[in-house]
Q: 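Handing you a structure now.
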Amino acid sequence: MGLPHTVETSANVKRKRVSEDSPGRTHQSQLQQRRIKLLDSRKQLPIWQRQKDIRDALRDNDVLILSGETGSGKSTQVPQFFLDQPWCGFPGKIAVTQPRRVAAISLARRVAEEMGTPLGSSSPASKVGYSVRFDESTSPSTRIKFLTEGMLLQEMLRDASLSQYKCVIVDEVHERSVNIDLILGFLKQLQTRRKDLKVVVMSATADADSLQRFFAAQLLENTRHDSKSVPNDSQTDGEAEVDADDAPWHGFDDEDQQSSSNIATCHVEGRQYPVITRYLDSPTEDTIEASLHRIFQIHCKEPTPGDLLVFMTGQEAIQSLQKLVEEYALGLTTDYPKMLVLPLFAALPQAAQQLIFQPAPRNTRKVILTTNIAETSVTVPGVRFVVDTGKAKVKQFRNRIGLDSLLVKQISRSSADQRKGRAGREAAGQCYRLYTEEAYKSLDKDSTPEVLRCDLSQAVLTMKARGVGDVLRFPLLTPPPKEAMEKALLQLCELGALDEHGNISPIGRKIARLPLTPALGRVIIEAATPETDCLVEVIDIVACLSVEHIFLAIDTEEGREKASVARRQLLRRQGDHLTYLAAVQAYAAEQSDRRRWADDHMISHRAMQSVMDVRQQLTAQCRQAKLFTTQEAHPATDEATQERIVKCFLRGFSSNVARACPDGSYKTFAGNQTVAIHPSSVLFGRKVEAIIYNQFVYTNKAYARDVSVVQLRWLEEALDGMA
DNA sequence: GAGCACTGC
């Protein structure tokens, strides 16, 4: 009886006070009716039975590791369990981090309903709020705040000890983004200073061991780094097979160390229907052919309703399979249900993505061909059957050459299980794996955490700006190779974000506040110097570079011709940067109907709206940091301004420069690597003296994306300027 | 001649 009753009482007290001096009485009683109605369904959640265990565990310990599959109700219920706890005090706040904006907002809305309190900033009495980029909704009475991981890290810049919170709940830890790993490291460090801070780590996978070891290991901060530090892999996974270059730089070692925190673990069953798994008898090379075969087998055998979700690698495979399925479906006799084939990937326009949420018409089966987006970010309703090709595209950063590669890889077992689970959300289901059971068993247990796959410069600057002196000693769940950390430190020095001693510089502090990579942040700083004076323009360009591609993708020859006419006035022969600037200036100048303007120019309206949001945010931040020397833009961007703009990018991306070779290819100055201009660039197919680019990505070959012309003379000047 | 998925006071 404890918690719900208490929460109810305190909500009543609050409600009385509000209703006496506000006209919202009917609204208040509606909120309470809704709350009481929801209480019944909350009591059905698997986690409801465990609330005493969970409360006791965190009362007696500093850290709670809570594992529970989807459907256990942990994200909504756990924060409510703690509100009335003595350690939580009043007005002690609870932060709950989420990987995605939509999740943060919808969970806040749901929990507010369950508590019978208005949401966020809608009332000063609201107890539940959220904070995501471009949208903060909290009140003076907020007790539970859902926020994205990035927002919690941003809050740490203002208040490194997170003093307003008594408890931080980190949700979806199994996703292992860099931000999650950083937050776990900061919280672990923080608990040595703040004995009153409780930490809850929630994960969908049952494996609590590595998290427990992480929190149990003593901090290595303030001890000198020496060559005897222990690689962490060796104690968990047998012999660590790493060469000297890739060896982890330190680990957390539970041998001969005492716990720095008291840790409790708890596992909660999910609410999931059973899913039958079937494998291939022998492996297949052609996953498109195998998918096609399996889709029709399921479709012809199984009754409707019951939609089918097919996990594939990417847009290209999805579109070719869609064509095949639609062709074959024409040959189905009327004895069988109809088929509705729907693609799903991030680059798909919003309206097309929405189609998956509409129920299939009678006697029709939806067949959704999806990327990994349906594994975590989008929940497709109505699915009873999953077909899993066992593959996904994965990004991997090669830090020696500064190259991102995007390659098809085998998924992990946990990822395969996640995909399978999508068939059992609403009823018993079936999962067809297009690989053998032996192949499944030989998959890696978990996916490689992002921190081992990405450029670490932003993560390192994040640490430095929050007071981490020796970043090589920062506690990370899976420490990356020392070489990767040192590369990041070196890059930050070259950008001027760190001084020669490795301490953060005033420029570094400014960069760290911006929602940008350090390199793009440095471009902003460069644009603000009095000699350069093109901050307004550079903000527009950087805004484009930090959102999805603004030009709509085009499939057909006819579409390409149409697009080149529609976009003619926007294209700039100097390259993509000035083309983006022209697009933003034209869009911003459009006063009447921006959506129509975007359609007319075959530009993504969704992307342009994000550009405008980022532009506004960056402008406000630059103003606050007093970076503006002049307020005025140079609307008729003259040649001298154009030169200064591109030179700003040289300051942030000095190693991303390549010169033309006689054979028509480009080779980088830094590593003599061959790069090709990406077909999405306005410079595609053109030959110029030298180019600068913002992204270097290997897919079928090494491509430069977001490319502009540079003159060799500018390069010499830029190098002089840096010396 | 091409685009896995997220996120940021």
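Here is how names work: the chains are called A, B, and so on, in the same order as the sequence lines, proteins then strands, and each is numbered from 1. Note that this is a predicted model, so its numbers are computed, not measured.
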Q: I need the CD-P distance between A:Q315 and B:dG1, as an integer number of Å.
A: 18 Å
Q: Answer with base, sugar-phosphate or nothing: what part of the nucleic acid does A:V132 contact at a heavy-atom distance below 4.0 Å?
A: sugar-phosphate
Q: Looking only at side-chain N and O atoms, does A:S131 come under 4.0 Å of OP1 or OP2 in B:dC9?
A: no
Q: Let's see if you can work this out: which of B:dC9, B:dT7, B:dC4 has an atom nearest to the side-chain heavy atoms of A:T148?
A: B:dT7
Q: Pick base, sugar-phosphate or nothing for A:L153, based on heavy-atom distances below 4.0 Å to the nucleic acid.
A: nothing
Q: Rounded to the Å, how far apart are A:D159 CG and B:dC9 C1'?
A: 13 Å
Q: Just the rounded figure in Å: distance from C1' of B:dC6 to NE2 of A:H174.
A: 13 Å
Q: Would you indicate which nucleotide in B:dC9, B:dA5, B:dT7 comes nearest to any side-chain atom of A:R513?
A: B:dC9
Q: Between A:R453 and A:P515, name the one whose nearest nucleotide on DNA chain B is closer to the 5' end.
A: A:R453
Q: To the side chain of A:L406, which of B:dC4, B:dC9, B:dA2 is closest?
A: B:dC4
Q: NA contact type, A:T699, heavy-atom cut-off 4.0 Å: base, sugar-phosphate, or nothing?
A: sugar-phosphate
Q: Does a side-chain N or O from A:T371 land closer than 4.0 Å to OP1 or OP2 of B:dA5, or not?
A: yes
Q: Which of parallel (below 30°), tilted (30 to 60°) and perpendicular (above 60°) describes A:H605 and A:Y587?
A: tilted
Q: Out of B:dA2, B:dG3, B:dC9, which has the shortest distance to the side chain of A:M151?
A: B:dC9
Q: Ignoring the backbone of A:R560, work out which of B:dC6, B:dC9, B:dA2 is nearest its side chain.
A: B:dA2
Q: Could you tell me whether A:K420 and A:D388 make a salt bridge, using a distance below 4.0 angstrom between a side-chain N and a carboxylate O?
A: no
Q: Report the nucleotide, chosen from B:dG1, B:dC6, B:dC9, that has the shortest atom-to-atom distance to any side-chain atom of A:Y703.
A: B:dG1
Q: Is the closest basic N to carboxylate O distance between A:E155 and A:R466 below 4.0 Å?
A: no
Q: Do the side-chain N or O atoms of A:Q617 get closer than 4.0 angstrom to the phosphate oxygens (OP1, OP2) of B:dC9?
A: yes
Q: I need the CZ-C1' distance between A:R176 and B:dA5, as an integer number of Å.
A: 17 Å
Q: Classify the nucleic acid contact of A:R100 as base, sugar-phosphate or nothing, counting any heavy atom under 4.0 Å across all strands shown.
A: sugar-phosphate
Q: What is the separation between atom OH on A:Y698 and atom P on B:dG3, rounded to the nearest whole Å?
A: 11 Å
Q: What integer distance in Å separates A:Q319:CD from B:dC4:P?
A: 10 Å
Q: Find the distance A:F551:CZ to B:dG1:P and express it as a whole number of Å.
A: 21 Å
Q: Answer yes when A:D307 and A:R425 have at least one side-chain N-carboxylate O distance shorter than 4.0 Å, and no when they do not.
A: no
Q: Pick base, sugar-phosphate or nothing for A:A346, based on heavy-atom distances below 4.0 Å to the nucleic acid.
A: sugar-phosphate
Q: Calculate the interatomic distance between A:L344 atom CG and B:dG3 atom C1'; express it in whole Å.
A: 15 Å
Q: So that I can tick it off, tell me whether A:K562 and A:E558 are bridged by a salt bridge, with the cut-off set at under 4.0 angstrom between side-chain N and carboxylate O.
A: no
Q: Which nucleotide in the list B:dC9, B:dC6, B:dA2 gets nearest to the side chain of A:Q621?
A: B:dC9
Q: Classify the nucleic acid contact of A:S177 as base, sugar-phosphate or nothing, counting any heavy atom under 4.0 Å across all strands shown.
A: nothing
Q: Touch check for A:E149, heavy atoms < 4.0 angstrom, all strands: base, sugar-phosphate only, or nothing?
A: nothing
Q: Mind telling me whether A:F649 and A:H577 have parallel, tilted or perpendicular rings, with 30° and 60° as the class edges?
A: tilted
